[in-house]
Engineer: 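One structure, pasted below without further comment.
Only a predicted model underlies this, so the values are computations on that prediction, with no experimental measurement involved. Throughout, protein chains are lettered first and strands after them, A, B, ... in sequence-line order, and every chain is numbered starting at 1.
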There are 2 protein chains.
Amino acid sequence: MPPASDLTAHTGYWLRMVSNAVSQDFARKVADEGVTVAEWSFMRALYDADAMAPSALAEKMGMTKGAISKLADRLLGKGLITRADNPGDKRAHTLSLTGAGRSKVPILAALADKNDAEYFGILPTEEREMLHRLLRTLADRRGLKTIPVD
Amino acid sequence: MPPASDLTAHTGYWLRMVSNAVSQDFARKVADEGVTVAEWSFMRALYDADAMAPSALAEKMGMTKGAISKLADRLLGKGLITRADNPGDKRAHTLSLTGAGRSKVPILAALADKNDAEYFGILPTEEREMLHRLLRTLADRRGLKTIPVD
DNA sequence: TCCATTATGTTGACTAGGAAACTACCAGCG
DNA sequence: CGCTGGTAGTTTCCTAGTCAACATAATGGA
């Protein structure tokens with residue numbers, strides 16, 4: 001049978017395996033707080049920006065505007081964000097966190113801290129920093145900048 | 001405003017960002033060959049095993065049996081796998097690659113090689129090996145073993 | 001000024017997967 | 001035998017995305 005290189009020879013294989021595990025665990029944690037990972041990313045982006053256009057969020061999160069539209073609907077439904085008309089452009093509007101939404105962000109951020117500690121805390125400090133640095137290098141070299149959501 | 005730790009302080013953030021980029025690029029590559037990443041994983045698993053029960057594939061790929069059932073339907077539709085009754089247990093059956101499916105695996109494997117080289121080849125050999133080693137360590141310590149699919 | 005082009009956001013059709021109900025079957029025990 | 005409980009796969013319903021068509025509004029050139 002023709003050779004098919006061993007999957008486990010690929011760094012991408014292990015990258016994905018670890019990444020999926022970290023993510024799925026984080027998803028479980030934030031689900032206990034009643035939000036999804038996409039919702040968390042959305043709220044985290046608004047936390048710094050105060051008010052953003054859906055299109056800006058789509059850009060930042062690497063999602064389509066359709067997805068953002070639906071995601072915003074869900075967060076509106078949960079009372080975590082509000083929508084404000086954009087005076088001067090009747091097509092546009094901006095989204096901001098409500099008080100409830102804003103106060104939820106630090107709680108979720110703490111879960112992110114905890115998740116990171118759980119997964120990477122098992123490495124010695126030096127190795128942990130090395131991993132972090134290598135990943136940042138790869139992201140830099142590829143010009144990656146969208147907040148990872150899925 | 002209460003502190004919400006900088007997202008970019010999380011190793012998990014960069015891990016996901018890089019992992020998503022690597023994966024999405026790979027997805028694009030295999031799409032040119034007419035298959036999805038899940039289909040590739042499925043076929044790659046069968047390539048070594050020759051014939052497997054859907055339940056075994058579900059276990060190996062970390063997917064539900066429902067998802068495997070549908071995935072198998074799609075691959076059957078594309079003529080890449082075949083289904084064989086399991087003599088001795090009328091509930092069960094096994095799945096195997098067809099000739100067409102089997103000959104596609106090395107092509108897809110080459111794409112995986114290429115993708116890995118594209119992403120990690122920019123690192124010096126030593127760093128690349130370090131990254132690989134660190135990821136394997138993390139996977140080991142967590143007891144991860146399912147083939148990453150998404 | 002008016003019309004063509006472009007931009008913003010929403011919607012509908014579609015896809016892929018998970019959860020759980022369901023079907024069909026097996027196995028062991030009375 | 002014939003239940004009863006468990007097992008293998010399938011199906012249904014749901015969620016959360018994409019993509020493309022759409023409605024509406026802004027813009028800019030003839």
Engineer: Output all residues satisfying salt bridge (Lys or Arg N to Asp or Glu O under 4.0 Å) with A:E127, sequence neighbours left out; order by chain, then residue number.
Structural biologist: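 A:E127: salt bridge (Lys or Arg N to Asp or Glu O under 4.0 Å) contacts with B:R133.
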Engineer: Donor-acceptor pairs under 3.5 angstrom involving side-chain atoms of residues 49-73 of chain A: please list them, not counting sequence neighbours.
Structural biologist:
unit_1: A:T64; atom_1: OG1; unit_2: A:A67; atom_2: N; d: 3.2
unit_1: A:D73; atom_1: OD1; unit_2: A:R83; atom_2: NH2; d: 3.1

Engineer: CD of B:E59 versus P of D:dG9: gap in Å, rounded?
Structural biologist: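 The distance from CD of B:E59 to P of D:dG9 comes to 13 Å, rounded to the nearest Å.
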Engineer: Which pair of heavy atoms, one from B:F120 and one from B:R128, lies closest together, and at what distance?
Structural biologist: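 Shortest heavy-atom separation between B:F120 and B:R128 comes out as O-CD, 3.6 Å.
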Engineer: Could you tell me the separation between the CD1 atom of A:I147 and the P atom of D:dG17, rounded to a whole number of Å?
Structural biologist: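 Atom-to-atom, A:I147 to D:dG17, this comes out as 14 Å.
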Engineer: Walk me through whether A:S23 and B:R16 qualify under side chain to side chain donor-acceptor pair (under 3.5 Å).
Structural biologist: CA-CA 8 Å; A:S23 261; B:R16 193 103 204 117; 2.8 Å; yes
Engineer: Only counting residues at least two apart or in another chain, list the ones meeting salt bridge (Lys or Arg N to Asp or Glu O under 4.0 Å) with B:R91.
Structural biologist: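 Here the qualifying residues are B:D89.
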Engineer: Check nucleotides 1-8 of chain D for protein N or O atoms closer than 3.5 Å to its own N or O atoms and list the pairs.
Structural biologist:
unit_1: D:dG6; atom_1: N2; unit_2: B:R91; atom_2: NH1; d: 3.2
unit_1: D:dT7; atom_1: O2; unit_2: B:R91; atom_2: NH1; d: 2.4

Engineer: So, does B:D85 use its side chain to make a donor-acceptor pair with the main chain of B:H93 at under 3.5 Å?
Structural biologist: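 Pair absent, no side-chain N/O of B:D85 close to backbone of B:H93.
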Engineer: Tell me which residues in residues 67-75 of chain B put a heavy atom below 4.0 Å from DNA chain D, sorted by number, or none.
Structural biologist: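 By residue number: B:S69, B:K70.
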Engineer: Can you list the residues that meet the salt bridge (Lys or Arg N to Asp or Glu O under 4.0 Å) rule with A:E118, with sequence neighbours excluded?
Structural biologist: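 A:E118 satisfies salt bridge (Lys or Arg N to Asp or Glu O under 4.0 Å) with A:K29 once adjacent residues are dropped.
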Engineer: How close or far is atom P of D:dT10 from atom CG of B:N86, stated in whole angstroms?
Structural biologist: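 Spelled out: CG on B:N86 to P on D:dT10 is 13 Å.
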Engineer: Under the side chain to side chain donor-acceptor pair (under 3.5 Å) rule, collect the residues that match up with B:T94, sequence neighbours excluded.
Structural biologist: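 If we apply the side chain to side chain donor-acceptor pair (under 3.5 Å) test to B:T94, skipping adjacent residues, there are no hits.
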Engineer: Please list, in 5' to 3' order, the outermost nucleotides of DNA chain C lying under 4.0 Å from any heavy atom of chain A.
Structural biologist: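 Taking any atom under 4.0 Å from a heavy atom of chain A, the span is C:dA7 to C:dA13.
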Engineer: Going by side-chain hydrogen bond (donor to acceptor under 3.5 Å, both in side chains), name the pairs with one or both residues in residues 30-39 of chain A, residues two or more places apart or in two chains.
Structural biologist: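 For residues 30-39 of chain A, and leaving out neighbouring residues, the side-chain hydrogen bond (donor to acceptor under 3.5 Å, both in side chains) pairs sorted by first residue read A:E33-A:K104, A:E39-A:K78.
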Engineer: Who passes salt bridge (Lys or Arg N to Asp or Glu O under 4.0 Å) against B:R28, sequence neighbours left out?
Structural biologist: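 B:D25.
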Engineer: Please state how far atom NZ in A:K90 lies from atom C1' in D:dA23, giving the value in whole angstrom units.
Structural biologist: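 Taking atom C1' of D:dA23 as the reference, NZ of A:K90 is at 15 Å.
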